[in-house]
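Fair warning: this is a prediction, and the values are worked out from it, not measured in the lab.
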Amino acid sequence: MFEAGDIREWRGHAVVDVGGHKVGTLEAVYVDTRNDEPLFATVTVGLPTRHRLVFVPLTGATVGPGYLKVTFDKQQVKGAPSIDTDGELTVGEEEGVFAHYSFAYELGSKGERRLARR
């Protein structure tokens with residue numbers, strides 16, 4: 001796995017799916033608030049006049065020259081919960097992001113949100 005500081009440097013680079021097909025462009029990294037490890041990324045997808053940000057897990061992701069390769073296919077990523085390019089993920093929307101990828105979701109020990117943008 002790569003360090004959070006390293007992956008932030010990949011902002012603006014291509015994100016490709018497990019088969020090597022371009023999904024979109026890396027926009028931001030979201031860390032797990034329990035351990036500050038990278039957990040999800042947002043990827044810019046859509047038409048030039050209608051961009052949106054979709055969430056994709058970073059579990060098992062690898063970096064290559066000019067791209068980040070995720071372990072999910074393009075269709076699943078593009079069908080993931082999304083926010084507007086200037087939007088923010090709300091606490092109420094977090095569980096849906098985890099559920100889309102069949103990940104268990106738990107709030108922090110004090111009820112705090114699970115994802116933080118870095």
Side-chain angles (χ1 to χ4, degrees):
M1 188 64 175
F2 35 80
E3 297 296 319
D6 295 334
I7 195 167
R8 281 194 296 262
E9 295 173 12
W10 287 89
R11 185 175 181 189
H13 283 74
V15 174
V16 299
D17 73 358
V18 69
H21 303 99
K22 185 174 180 184
V23 176
T25 306
L26 182 68
E27 193 274 333
V29 174
Y30 284 72
V31 297
D32 187 333
T33 58
R34 297 182 301 179
N35 57 22
D36 212 40
E37 292 292 321
L39 191 57
F40 281 88
T42 50
V43 180
T44 304
V45 298
L47 302 171
T49 57
R50 296 197 59 176
H51 284 122
R52 62 190 172 96
L53 301 174
V54 295
F55 288 82
V56 63
L58 293 173
T59 306
T62 56
V63 292
Y67 68 87
L68 172 72
K69 186 174 187 177
V70 296
T71 59
F72 298 88
D73 78 15
K74 182 177 183 174
Q75 292 306 93
Q76 185 174 16
V77 175
K78 286 195 169 193
S82 64
I83 57 175
D84 291 333
T85 54
D86 61 350
E88 183 178 314
L89 182 68
T90 66
V91 174
E93 295 169 322
E94 279 189 355
E95 187 171 0
V97 171
F98 281 75
H100 180 76
Y101 294 100
S102 300
F103 288 2
Y105 178 75
E106 299 172 2
L107 289 172
S109 61
K110 297 179 184 170
E112 68 273 8
R113 66 183 314 148
R114 180 79 182 273
L115 297 174
R117 183 178 168 159
R118 293 282 189 257

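- In this view, Asp73 satisfies the salt bridge (charged side-chain N to carboxylate O under 4.0 Å, His left out) rule with no residue, not counting sequence neighbours.
- With sequence neighbours excluded, the residues that form a side chain to side chain contact (heavy atoms under 4.5 Å, CB included) with Thr33 are Glu112, Ala116.
- Partners of Tyr105 by ring pair (Phe, Tyr, Trp, His ring centres under 6.0 Å), not counting sequence neighbours, listed by chain and number: Phe98.
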Give every donor-acceptor pair under 3.5 Å between a side-chain atom in residues 20-27 and any protein atom, sequence neighbours left out.
unit_1	atom_1	unit_2	atom_2	d
His21	ND1	Asp17	OD1	3.4
Glu27	OE1	Thr42	OG1	2.8
Glu27	OE2	Arg11	NH2	3.4
Glu27	OE2	Arg117	NH2	2.8

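- Using a 4.5 Å cut-off between side-chain heavy atoms of Ile, Leu, Val, Met, Phe, Trp and Tyr, with links allowed through other members, Val18 and Phe72 fall into different hydrophobic clusters.
- The side chain to side chain contact (heavy atoms under 4.5 Å, CB included) with Leu39 is formed by just one residue from the set Leu58, Val29, Leu115; it is Leu115.
- With sequence neighbours left out, Arg52 forms a salt bridge (charged side-chain N to carboxylate O under 4.0 Å, His left out) with no residue at all.
- Within the structure, the ring pair (Phe, Tyr, Trp, His ring centres under 6.0 Å) test picks out the following pairs touching residues 47-71 (sequence neighbours left out): Tyr30-Phe55.
- If you run side chain to side chain contact (heavy atoms under 4.5 Å, CB included) between Val70 and each of Thr59, Thr62, Val56, only Val56 comes through.
- Among pairs with a residue in residues 77-95, those fulfilling salt bridge (Lys or Arg N to Asp or Glu O under 4.0 Å) read Glu94-Arg113, at least two apart in sequence or across chains.
- Separation of atoms CD (Glu106) and CG (Asp32) is listed at 10.0 Å; rounding is to 0.5 Å.
- Of all heavy-atom pairs between Tyr101 and Val77, the closest is OH-CA, 3.5 Å.
- Closest heavy-atom contact between Leu68 and Ala61: CD1-CB, 4.0 Å.
- Of all non-hydrogen atoms in Gly96 and Pro81, the two that sit nearest each other are O-CG, 3.6 Å.
- Listed for the His100 side chain is a donor-acceptor partner under 3.5 Å among the backbone atoms of Gln76.
- When the side chains of ILVMFWY residues are joined at heavy-atom separations under 4.5 Å, either directly or via intervening members, Val16 and Val54 end up in two distinct hydrophobic clusters.
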